[in-house]
Structures are given as C-alpha cells and as structure tokens.
Amino acid sequence: PANEDNLTDLTIIMGVPQEVRGESLTTVPPGGVWNEQRRSVIWCVAELGSGEKFQLQATFELSGEVRENEKPKFPVLVRCQCMYAQLSDVEIEVADIPEVFPADVTMKLARRFRLSHRERS
C-alpha cells in the first residue's frame with residue numbers, strides 16, 4: 001500500500017572519517033552542510049512526495065593515503081516524519097558511481113520508529 005501522506009522533515013546525516021578532509025566537501029545537489037565539531041554532513045529536505053526520490057552525492061578529498069584493507073566508512077542516518085508511513089515502504093539505496101569515482105559500497109539497514117501520541121482537546 002502507498003502512504004497516504006508525504007514524508008516531511010527528512011534529515012540525512014552522514015559521518016565523515018578522519019582520513020577525509022571534511023572542509024573539501026562538495027555536494028550534488030548543493031545543500032549538504034559540513035559540521036566540523038561532529039565530523040558530519042547534514043542534508044535537510046522539507047518534503048518528499050509519495051513515490052518521489054531524493055538522490056545526493058558527496059565528494060571529499062582524502063587527507064592522506066588510505067590503505068586497501070582500511071577503506072573509509074561513511075555511516076548514514078536518515079530520519080523523517082509521516083503521519084501514515086509504514087516502515088516497510090521507506091526504501092534506502094546506496095551505490096557508487098563508477099564513472100565518477102568507483103568505490104566498494106556496503107549497507108547495513110536498521111529500521112526503528114518512535115511513536116508519538118498527542119491528546120486532542
């Protein structure tokens with residue numbers, strides 16, 4: 001079944017490892033914000049319609065040499081709100097772009113939810 005409402009307040013937070021120069025960040029589309037204290041990048045999307053996709057790309061410079069067996073890891077956390085969302089309907093896809101920068105990409109997905117209840121007066 002399709003969600004009856006759009007996803008709102010979509011927040012994507014990506015951790016950035018020490019081997020990467022965070023200040024060299026460029027994003028497509030523009031809008032990713034580098035947080036030096038937390039070594040993370042955050043994107044905020046006000047609304048994502050039912051069936052609509054949001055694709056982003058982050059590019060960094062390496063601060064030094066990366067060893068083959070110690071590839072940088074970029075953990076990603078996605079949060080959103082929806083009145084009638086079903087967790088099974090939210091899809092996350094992670095991939096490299098071989099034409100731009102080939103990379104080994106893996107994903108570990110954990111579905112969590114928070115239930116909020118407000119009394120109506």
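For clarity, every value in this text was computed on a predicted model and none was experimentally measured.
Within 6.0 Å of CZ on R79 lie no more than 12 heavy atoms contributed by other residues, nucleotides or ligands.
Within the 4.5 Å cutoff, no side-chain heavy atoms of M14 are placed close to those of I12. Considering only heavy atoms from C-beta on, V20 comes within 4.5 Å of L62 through its side chain.
The minimum heavy-atom distance linking P75 with K73 is given by the pair CD-O, 3.5 Å.
Classification of the F60-F74 ring pair by plane angle, with boundaries at 30° and 60°, yields parallel.
Rounded to the nearest 0.5 angstrom, L77 CG and I42 CD1 are separated by 9.0 Å.
Among pairs with a residue in residues 22-31, those fulfilling side-chain hydrogen bond (donor to acceptor under 3.5 Å, both in side chains) read R21-E23, at least two apart in sequence or across chains.
The side-chain contact (heavy atoms from CB on, under 4.5 Å) test with V16 is passed by exactly one of E36, R38, R39: R39.
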